Amino acid sequence: MPRYQEILTDPSYAGQFVLMTNPHIGNTGVNFDDEESMQCFLGGLVIRSLSISTSNWRCAETLGDYLAERNIVGIYDVDTRAITCRLRQDGSLIGVLSTEESKSDEELLELSRSWDIVDYSRPFNMASLETLKIKPDGVLFSNGPGDPSAVPYAVETVKEILGKVPVFGICMGHQLLGQALGGTTFQMKFGHHGGNHPVRNLWSGHVEISAQNHHYAVDPASLPEGVEVTHVNLNDGSCAGLAYPAQNIMSLQYHPEASPGPHDSDNDFPEFIELMKRAKENA
Ligand SMILES: NC(=O)CC[C@H](N)C(=O)O
């Protein structure tokens with residue numbers, strides 16, 4: 001079972017624990033090529049069984065050593081099936097992982113109460129003016145961790161850019177765009193996480209298998225007239241994509257850039273490139 005390394009280095013997991021439902025993790029070790037970003041962003045890794053041996057031609061070190069070097073807590077030999085059932089029932093929960101045996105349960109509970117996902121929504125800092133000054137053909141608002149409704153200043157930045165250049169939003173970027181267009185977001189029960197979520201593209205009628213990783217979603221009922229829902233998640237009918245053709249805006253809740261991931265959405269970047277070309281021709 002490979003591909004846990006990409007999850008470890010996905011910035012959208014900042015401040016969160018990831019629990020693997022596959023029981024056997026670590027068998028291919030980690031390598032130099034599969035990093036999704038410069039560091040491990042998640043808060044901790046929870047697995048059933050850490051592979052006792054690694055076997056892969058690219059393996060550079062074991063998962064355990066990799067996490068220890070980066071000071072990321074991992075725990076194994078826990079009943080991940082029981083925790084999965086609990087998460088399914090209650091939705092995402094706040095938790096604490098600690099190696100500090102002297103802490104009482106009360107103290108650990110106290111620690112968990114002081115945590116807030118909003119803190120992780122703050123890395124966004126490029127001002128709209130600076131962005132427009134470099135005269136971009138288009139602007140892409142990327143994925144990111146945290147609650148999209150907790151960053152009104154980021155929504156303001158997006159608003160200042162809309163209509164001036166073509167815009168593409170992915171995941172957190174899509175949620176910021178949804179708000180900038182007048183809509184609202186809400187927290188899902190346990191969100192969508194995985195590499196096999198079916199999505200219908202309402203423009204083409206095609207069903208695409210997509211990689212998804214989000215806890216929040218745009219409420220389609222909150223969107224003003226003219227903003228079109230272009231993609232729908234077929235598991236629960238939630239909004240998976242938006243467009244506002246009058247202002248050259250498109251956005252997706254899932255990950256066409258995902259690695260690993262299905263390739264059904266490979267066309268989404270060429271589509272944005274076309275949008276930028278057309279906007280340039282019509283300027
Ligand atoms: N991958 C992302 O960009 C995640 C978006 C947002 N933080 C969410 O959880 O919904």
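Start at 1 and go down the list; that is how both ligands and their atoms are numbered. The structure presented is a predicted model; accordingly, all values stated were derived computationally and were not measured. Note that these values count all heavy atoms, side chains included, but never hydrogens, waters or copies made by symmetry.
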Please determine if R113 and E110 form a salt bridge, counting it only when a charged side-chain N lies under 4.0 Å from a carboxylate O.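 Here R113 pairs with E110 in a salt bridge, since their nearest N and O are under 4.0 Å apart.
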
Near [X], which atoms of ligand 1 are under 4.0 Å from a heavy atom of that residue?
X	value
N213	1 (N), 2 (C), 4 (C)
N143	1 (N), 2 (C), 3 (O)
H214	8 (C), 9 (O), 10 (O)
C171	1 (N), 2 (C), 3 (O), 4 (C), 5 (C)
H215	8 (C), 9 (O), 10 (O)

Testing the basics here: between Y216 and Q253, what is the closest heavy-atom pair and its distance to 0.1 Å?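 Of all heavy-atom pairs spanning Y216 and Q253, the closest is O-OE1, 3.6 Å.
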
Flag [X] as yes when one of its N or O atoms lies below 3.5 Å from any N or O atom of ligand 1, and as no otherwise.
X	answer
I170	no
S12	yes
Y216	yes
G144	yes

Could you establish whether H255 and ligand 1 come within less than 4.0 Å of each other, counting only heavy atoms on the residue side?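 Yes, that is the case, since the closest heavy atom of the residue is under 4.0 Å from the ligand.
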
Closer than 4.0 angstrom: is that true for some heavy atom of M188 and an atom of ligand 1?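 Per 4.0 Å heavy-atom rule, M188 does not contact ligand 1.
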
Calculate, to the nearest 0.5 Å, the distance between atoms NE2 and NE2 belonging to H193 and H215 respectively.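 That separation rounds to 4.0 Å.
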
Distance only, no hydrogens: is a donor on one side chain within 3.5 Å (strictly under) of an acceptor on the other, for [X] and [Y]?
X	Y	value
E208	S265	yes
T230	E228	no
S102	E100	yes

Check for a donor-acceptor pair, side chain of T84 on one end and backbone N or O of T21 on the other, with a separation under 3.5 Å.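 A pair under 3.5 Å: no.
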
If you measure from each non-hydrogen atom of P148 to ligand 1, which part falls under 4.0 Å: side chain, backbone, both or neither?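 Contact part for P148 vs ligand 1: neither.
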
Test applied, ring pair (Phe, Tyr, Trp, His ring centres under 6.0 Å); reference residue, F168; option that passes from F141, F269, Y244: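 The option that passes is F269.
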
